[in-house]
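One structure below.
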Amino acid sequence: MTNSHDVKIIPSVLPADFSRLGQECTDLESAGVDAIQFDVMDGQFVPNLTFGADTIASVRDKVSVEFEAHLMIETPDQFIQNFVDAGCQTLIVHAEACAHLHRTIHKIKEAGAKAGVALNPHTPIEMVENVAVDLDMLLVMTVNPGFGGQKYIELGPKLDKARALSNATSNFEIEVDGGINAETIKHAAAHGANMFISGSTLYKHPEGLAACVKELREAAEASIDLTHGTDPSCC
Ligand code: DX5
């Protein structure tokens, strides 16, 4: 069981130069990231289109860090094996796209990957209450999915409930994605998140990737508070 108290700084490659994606991944690993997240978009579930499993497979052997596939797609069940075969250790599906979420989570685990579920900002934590025991991680979106560079949406009470649910069930990790910078990461960490996705902040940092990873990690570690989950009244 992964300790859901470890701070993890994970880049989204959405802002990367796709013409040199392999080198971009190597640079990220050298900068000290804990994993790399690939934002897979189908133009249906979200109003944007990115890449599929083959693109991820093409860079798998460039680095040794774990890969997460954030599947912002309408039919994730259809592609579970493709993304596992491409070398992803974690698959993250959107609860809003899964009519049979319990079955989807088990299909991911049977394929040998860790199972993550993502919730759009409007979707309540209750959506995953009945599958929490099977979760390896929960992604609380802090922007509406589809694009990088958006403003962080403060979801403190929702994160508190997620942490309480984690502490009461499988101790699943809690990830936030969208608008994460040196300030907003403090808010998310203080409300129980331990995994942090960053795209634009990482790629725009004036001192480069490694300095940004260090700054984000220090800010999260100084602010993280996993005690919210001990108060049963919070969920
Ligand atoms: C939205 C994407 C973004 C991206 C991070 O669908 O998932 O959240 O990964 O973007 P930034 O860090 O630029 O907000």
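Both counts, for ligands and for their atoms, begin at 1 and track the order of listing.
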Phe147: what forms a ring-ring contact (aromatic ring centres under 6.0 Å, His included) with it, not counting sequence neighbours? none
Sequence neighbours excluded, every pair satisfying side-chain hydrogen bond (donor to acceptor under 3.5 Å, both in side chains) that has a member inside residues 47-59: none
How are the rings of Phe79 and Phe83 set relative to one another: parallel (under 30°), tilted (30 to 60°) or perpendicular (over 60°)? perpendicular
In short, Pro124 meets Leu119 closest at the heavy-atom pair O-CD1, 3.8 Å
Donor-acceptor check, side chain of Asp42 to backbone of Phe45, threshold 3.5 angstrom: yes or no? yes
Close-range residues for ligand 1, whose non-hydrogen atoms fall below the 4.0 Å threshold: Ser12, Asp39, Met41, His70, Met72, Val143, Pro145, Gly146, Phe147, Gly148, Gly149, Asp177, Gly178, Gly179, Ile197, Ser198, Gly199, Ser200
Partner set under side-chain hydrogen bond (donor to acceptor under 3.5 Å, both in side chains) for Arg60, not counting sequence neighbours: Gln89
